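Model, not experiment: these values are computed from the prediction. Lettering follows sequence order; numbering is per chain, from 1.
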2 protein chains.
Amino acid sequence: MSSRLALAELPQLERRTLADTAYEALADLLASGRLTPGDRLSLRQSAAALGVSVMPVREAVSRLVADGVLEVAPTRAIRVPVMTARDFRALAETRMAIEGIAAARTAEHRSEAELTAIRRAEAAFRAEAESAEPDCTRAVRLNRDLHFAIYAACGLTPLQEVIARLWLKAGPVINLDLRAHPERLLQGFALRRHAETLVAIEARDGPAAAAALAADIREAADFILSRGGLRDA
Amino acid sequence: MSSRLALAELPQLERRTLADTAYEALADLLASGRLTPGDRLSLRQSAAALGVSVMPVREAVSRLVADGVLEVAPTRAIRVPVMTARDFRALAETRMAIEGIAAARTAEHRSEAELTAIRRAEAAFRAEAESAEPDCTRAVRLNRDLHFAIYAACGLTPLQEVIARLWLKAGPVINLDLRAHPERLLQGFALRRHAETLVAIEARDGPAAAAALAADIREAADFILSRGGLRDA
DNA sequence: TCACCCGAACTGTGATCACAGATCACTAGC
DNA sequence: GCTAGTGATCTGTGATCACAGTTCGGGTGA
């Protein structure tokens, strides 16, 4: 047929189910901290809010439960898990190890284009953090963008997916803390570690990139733990 | 009440839904290689086989899809993903990195009881592999037991969960290969690496444990890739 | 004033039905 | 003989209903 070539250029249009949409909506609620540890979630209420039946929400929730981002209590209530300080520490250590690996690989494998993207993301976060009136919500998103710009260049898709799930799990705690204590952002804690990481990636120094990024995670976690907002183990 | 203490000793009995059971049944099918890459899965047929309605199966499948262990094709067909050689290599490299970390942490933190458990698991696998007529299915299970005995001692629950998901994802490919080429087991490839890992853990040598375990994963992956059973990227 | 109990309203879980789209065997037309 | 089309049957997706267990508020008892 004459249209063979033209048809070949058509992008595969993705199939989005209502469950996918519901998943993203809930994940966003969690990642942005509007759903905080201990909060309960009702299938029917969520469904009503999203304007669909319970079915898609049910599927979305079951995925989030499988990820450990939500949990069903023995009483069958769905809620955001309340992490103990011990749990949070373990999660942070896991993130330091795994995200450190990704940063190291990025430092060793990154292309120039990827380096440019990382530089741009770092600059965007810095601009927000150093601005006269930083917007916390925006800063959190830019911080996430920077981290994932780094992980995207590591060359290992499964590793990225693992990290994305860990972030989803840590999201509620981190954002809850940030909303309660936005001053940390102003002190530019993360800025130095980000700069160190960027320098290491530029220099193709894997171990240094891993160390700097792990330090970033550790300091953020230490800060949150020092606030004492988490339940003891 | 007088029975307060006695009641406190009761273990919380877990609530098992049909969806949980269906999930385990399907996961077992995948991990044991009875469901191989490319196979299609029907909700209704699976439900009939399990003697339940489609609902629990649906939920189980949606979890497995979220884990990347199953996928829904754009035609809405559910199937076991067919990995390209490139995908499998990326998965293996991710596993080498992450499971290496776990092994290193185990070497540095393990208790004597955990070391004993690991020794026992290693001996069990060795006994099966060196027996006159090794049973492949059994050997695969013992190999898994050994690896997870190591990971269980790493002290980081989130890390263990991450690894479990990676194994589920790699399961179909590995088991498919093993069923097609059981001779690798007989040659005792893995035995040396297991022994090296055990020695390193005994000596509390983290880097050595990570290297030995990563080598175990790499050699298994290389063997499978050399068979050419996987589609090119 | 406090503890208890009962019932209404809610919870997640599972089954069933409805529907649009995909498959596949088969046939009509060239 | 081979292709295009057609209809029965299957697919996953979503909505709805049924049910048992939980939660919570209001009343009754002491």
Heavy-atom distance under 4.5 Å between the side chains of A:Asp177 and A:Phe223, does that happen here?
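Side chain of A:Asp177 against side chain of A:Phe223, heavy atoms only: contact under 4.5 Å found.
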Just wondering, do B:Thr36 and B:Val80 contact through their side chains at under 4.5 Å, heavy atoms?
no
Contact class for B:Val54 vs. all strands (heavy atom < 4.0 Å): base, sugar-phosphate, or nothing?
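Since a base atom lies under 4.0 Å of B:Val54, the category is base.
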Please determine, for the side chain of [X], which listed nucleotide ([options]) has the closest atom?
X: B:Val52; options: D:dG14, C:dA15, D:dG12; value: C:dA15
X: B:Leu43; options: D:dT13, C:dA15, C:dT13; value: D:dT13
X: A:Arg58; options: D:dG21, C:dG14, D:dG14; value: C:dG14
X: A:Arg76; options: D:dA20, C:dT16, D:dG12; value: D:dA20
X: A:Pro56; options: D:dG14, C:dA15, D:dA20; value: D:dG14
X: A:Ile78; options: D:dA15, C:dG12, C:dA15; value: C:dG12
X: A:Thr17; options: D:dG14, C:dT16, D:dG12; value: D:dG14

Would A:Arg86 pass as a cation-pi partner of A:Phe88, given that its NZ or CZ must be under 6.0 Å from the six-membered ring centre and within 45 degrees of the axis?
no
Just to confirm, is there a sub-4.0 Å distance from OP1 or OP2 of C:dT23 to any side-chain nitrogen or oxygen of B:Thr75?
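Answer is yes, contact under 4.0 Å.
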Taking OP1 and OP2 of C:dT11, is either one under 4.0 Å from a side-chain nitrogen or oxygen of A:Gln45?
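Answer yes for this pair, as a side-chain N or O of A:Gln45 is under 4.0 Å from OP1 or OP2.
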Taking the nucleotide of DNA chain D with the nearest heavy atom to each, does A:Arg40 or A:Arg16 sit closer to the 5' end?
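Its nearest nucleotide being more 5', the pick is A:Arg16.
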Do the ring planes of B:Tyr151 and B:His147 sit parallel (below 30°), tilted (30 to 60°) or perpendicular (above 60°)?
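Taking B:His147 first and then B:Tyr151, their aromatic rings sit tilted (interplane angle of 30° to 60°).
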